[in-house]
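For the numbers below, each heavy atom of this structure counts, side chains included, while hydrogens, waters and symmetry mates do not.
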Number of protein chains: 2
Amino acid sequence: MNSQIRRSMPLFPIGIVMQLTDLSARQIRYYEEHGLVSPARTEGNRRLFSFNDVDRLLEIKDLIEQGVNLAGIKQIFASRQQQHFETTPSVSPKVVKQDLSEAELRKLLRTELMQAGRFNRASLRQGDIARFFH
Amino acid sequence: MNSQIRRSMPLFPIGIVMQLTDLSARQIRYYEEHGLVSPARTEGNRRLFSFNDVDRLLEIKDLIEQGVNLAGIKQIFASRQQQHFETTPSVSPKVVKQDLSEAELRKLLRTELMQAGRFNRASLRQGDIARFFH
DNA sequence: ATGAAATGTTACGTTTCATTACATATTTTT
DNA sequence: AAAAATATGTAATGAAACGTAACATTTCAT
């Protein structure tokens with residue numbers, strides 16, 4: 001896949017990227033500062049962006065316009081990465097869907113029920129709660 | 001799958017949910033106001049949350065703690081939904097991965113090149129750019 | 001080679017969002 | 001009936017995402 005190489009080739013200085021994306025230089029640098037893009041650098045320390053970088057910036061712009069903040073964008077990108085490795089049974093890198101396990105919930109519920117027999121008897125028939133505990 | 005029914009059964013008043021999630025009532029209501037949870041209501045207009053609702057709140061809490069704002073959480077939930085319908089070739093409901101197509105990029109690049117022969121000749125050998133246009 | 005233009009970095013000010021703090025009305029519990 | 005819990009609405013607070021300006025350095029054009 002030669003196109004992948006071409007797409008990641010450092011080409012555009014920030015001025016061009018500003019025009020392509022309609023983002024301010026300040027914004028672009030800010031996004032880099034927060035790890036959302038990582039353009040290459042020339043010897044003189046100028047940024048050089050690839051096609052992929054520009055794509056990424058356009059996605060960022062899109063999400064920003066929908067009100068998503070940088071932390072959210074980071075999460076979204078991270079979770080997208082994982083989709084990619086879904087064949088590899090790796091340890092999910094931090095975005096664990098920390099669900100309340102049934103066991104845990106049952107424990108909490110049971111404690112609650114012990115501690116005070118209150119809480120909406122109205123909406124539950126006698127047996128209903130018990131059914132959660134089998 | 002009976003458990004799915006049980007998990008979506010309205011059970012907990014907000015006070016219990018506060019304890020289970022360690023969120024303030026105000027926060028929980030705020031999240032509802034922004035469409036992130038939709039607890040049922042009693043006749044007297046009190047909220048009743050299901051297991052699923054509590055799970056959702058815990059996820060919200062988790063993401064908030066990672067700095068994601070409500071808009072971001074909304075996007076994340078939305079994109080999760082879509083994974084689910086991935087068998088159905090439906091029109092993606094708004095979170096289109098609006099990539100710059102190669103064609104489009106080429107057009108922009110060509111225009112740029114026409115308009116002014118400038119922009120980092122230094123980093124490109126003569127033939128490199130031409131290669132993008134085949 | 002030299003001045004002009006572009007870009008880099010840094011610092012301060014502004015606006016918006018999530019949260020907290022109150023105040024009041026209504027429902028539920030005892 | 002009184003007390004406790006919940007609903008709703010209105011400020012006040014603090015941090016994030018920039019705009020903007022100042023100044024240094026790199027690159028471009030003649």
Side-chain angles (χ1 to χ4, degrees), chain A residues 10-49 53 57 60-75 112-113 115-124, chain B residues 10-49 53 57 60-75 112-113 115-124:
Chain A
L11 287 174
F12 314 106
I14 201 170
I16 301 294
V17 176
M18 288 174 64
Q19 295 175 229
L20 290 178
T21 61
D22 209 31
L23 291 167
S24 72
R26 180 78 172 82
Q27 285 176 298
I28 296 171
R29 296 196 193 104
Y30 192 65
Y31 302 151
E32 178 185 7
E33 194 178 332
H34 288 270
L36 298 182
V37 276
S38 300
R41 297 283 185 142
T42 68
E43 294 182 6
N45 202 34
R46 264 79 208 295
R47 279 164 255 255
L48 279 188
F49 297 79
D53 290 330
L57 286 171
I60 293 171
K61 188 188 176 192
D62 210 60
L63 289 166
I64 289 278
E65 275 164 9
Q66 290 175 50
V68 182
N69 67 5
L70 301 201
I73 296 174
K74 199 172 296 184
Q75 283 293 321
E112 266 308 316
L113 288 172
Q115 185 212 47
R118 54 155 158 65
F119 116 60
N120 61 288
R121 293 196 190 75
S123 72
L124 289 181
Chain B
L11 287 173
F12 314 105
I14 202 169
I16 301 294
V17 177
M18 289 174 62
Q19 295 174 228
L20 289 178
T21 62
D22 209 32
L23 291 166
S24 74
R26 208 71 192 78
Q27 284 176 295
I28 296 171
R29 295 193 197 106
Y30 190 65
Y31 302 152
E32 178 185 7
E33 196 178 331
H34 288 271
L36 298 182
V37 275
S38 300
R41 298 282 185 140
T42 69
E43 295 180 6
N45 200 34
R46 266 79 225 286
R47 278 166 255 255
L48 279 188
F49 297 79
D53 291 329
L57 286 170
I60 293 172
K61 189 186 176 193
D62 209 60
L63 289 166
I64 289 278
E65 275 163 8
Q66 292 178 48
V68 182
N69 66 6
L70 300 202
I73 296 174
K74 199 172 295 182
Q75 283 293 320
E112 265 310 316
L113 287 173
Q115 187 213 47
R118 52 156 158 66
F119 114 61
N120 60 288
R121 290 196 192 76
S123 72
L124 288 183

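- With distances taken from any side-chain atom of A:Arg46 to the nucleotides C:dT9, D:dT8, C:dT7, the minimum falls on C:dT7.
- Nearest heavy-atom pair, B:Arg47 versus B:Pro39, reported as atom, atom and distance to 0.1 Å: CG-CG, 3.8 Å.
- When the C1' atom of D:dA17 is taken as reference, atom CG of A:Leu23 falls 13 Å away, rounded to whole Å.
- If you take CZ of B:Phe12 and C1' of C:dT28, they are 19 Å apart, rounded to a whole angstrom.
- Shown here for A:Asp53 and A:Val37, the closest heavy-atom pair between the two residues is O-CG1, 4.0 Å.
- Considering every non-hydrogen atom in both A:Ala71 and B:Gln66, the closest pair reads CB-O, 3.6 Å.
- Judged by closest nucleotide on DNA chain C, A:Gly15 is the one of B:Gly44 and A:Gly15 placed further toward the 5' end.
- For DNA chain D, the residues of residues 26-37 of chain B within the heavy-atom distance limit of 4.0 Å (strictly under) are B:Arg26, B:Arg29, sorted by number.
- Taking atom CE of A:Met18 as the reference point, atom P of C:dA5 lies 16 Å away to the nearest angstrom.
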Assess whether side-chain contact (heavy atoms from CB on, under 4.5 Å) is satisfied between A:Ile28 and A:Glu32, documenting all intermediate values. CA-CA 6 Å; A:Ile28 296 171; A:Glu32 178 185 7; 5.9 Å; no

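- Put simply, CG on A:Leu57 is 12 Å from P on D:dC18, counting in whole angstrom units.
- Axis angle between the ends of the helix from C:dA1-D:dT30 to C:dT30-D:dA1, five pairs each and rounded to 10 degrees, works out to 30°.
- Scanning both residues, B:Leu70 and B:Leu36, for their nearest heavy atoms gives CD2-CD1, 3.9 Å.
- When distances run from any side-chain atom of A:Asn45 to the nucleotides D:dA17, D:dT6, C:dG8, the shortest one goes to C:dG8.
- D:dA15 atom C1' lies 16 Å from atom CD of B:Glu65, rounded to whole Å.
- Rounded to an integer number of Å, the gap from B:Ile16 CD1 to C:dT29 C1' is 14 Å.
- Taking CD from A:Gln27 and CD1 from A:Ile64, the interatomic distance works out to 7.5 Å, rounded to the nearest 0.5 Å.
- Each of C:dT7, D:dT6, D:dT8 was ranked by its minimum atom distance to the side chain of B:Arg41; first place goes to D:dT8.
- Of all nucleotides listed (C:dT28, D:dT8, C:dG8), C:dG8 comes nearest to the side chain of A:Ile14.
- Atom CZ of A:Arg29 sits about 12.5 Å away from atom CG of A:Leu23, to the nearest 0.5 Å.
- The shortest side-chain heavy-atom distance between A:Phe49 and A:Leu20 does not fall under the 4.5 Å cut-off.
- Put simply, CD on B:Gln19 is 14 Å from C1' on D:dA4, counting in whole angstrom units.
- Of the possible donor and acceptor atoms, one in the side chain of A:Asn69 sits under 3.5 Å from a partner among the backbone N and O of B:Gly67.
- Computed from coordinates, the A:Leu48 CG to C:dA6 P distance equals 16 Å when rounded to whole Å.
- A residue-by-residue look at B:Thr42 and B:Asn69 shows that B:Asn69 has its nearest nucleotide of DNA chain C further toward the 5' end.
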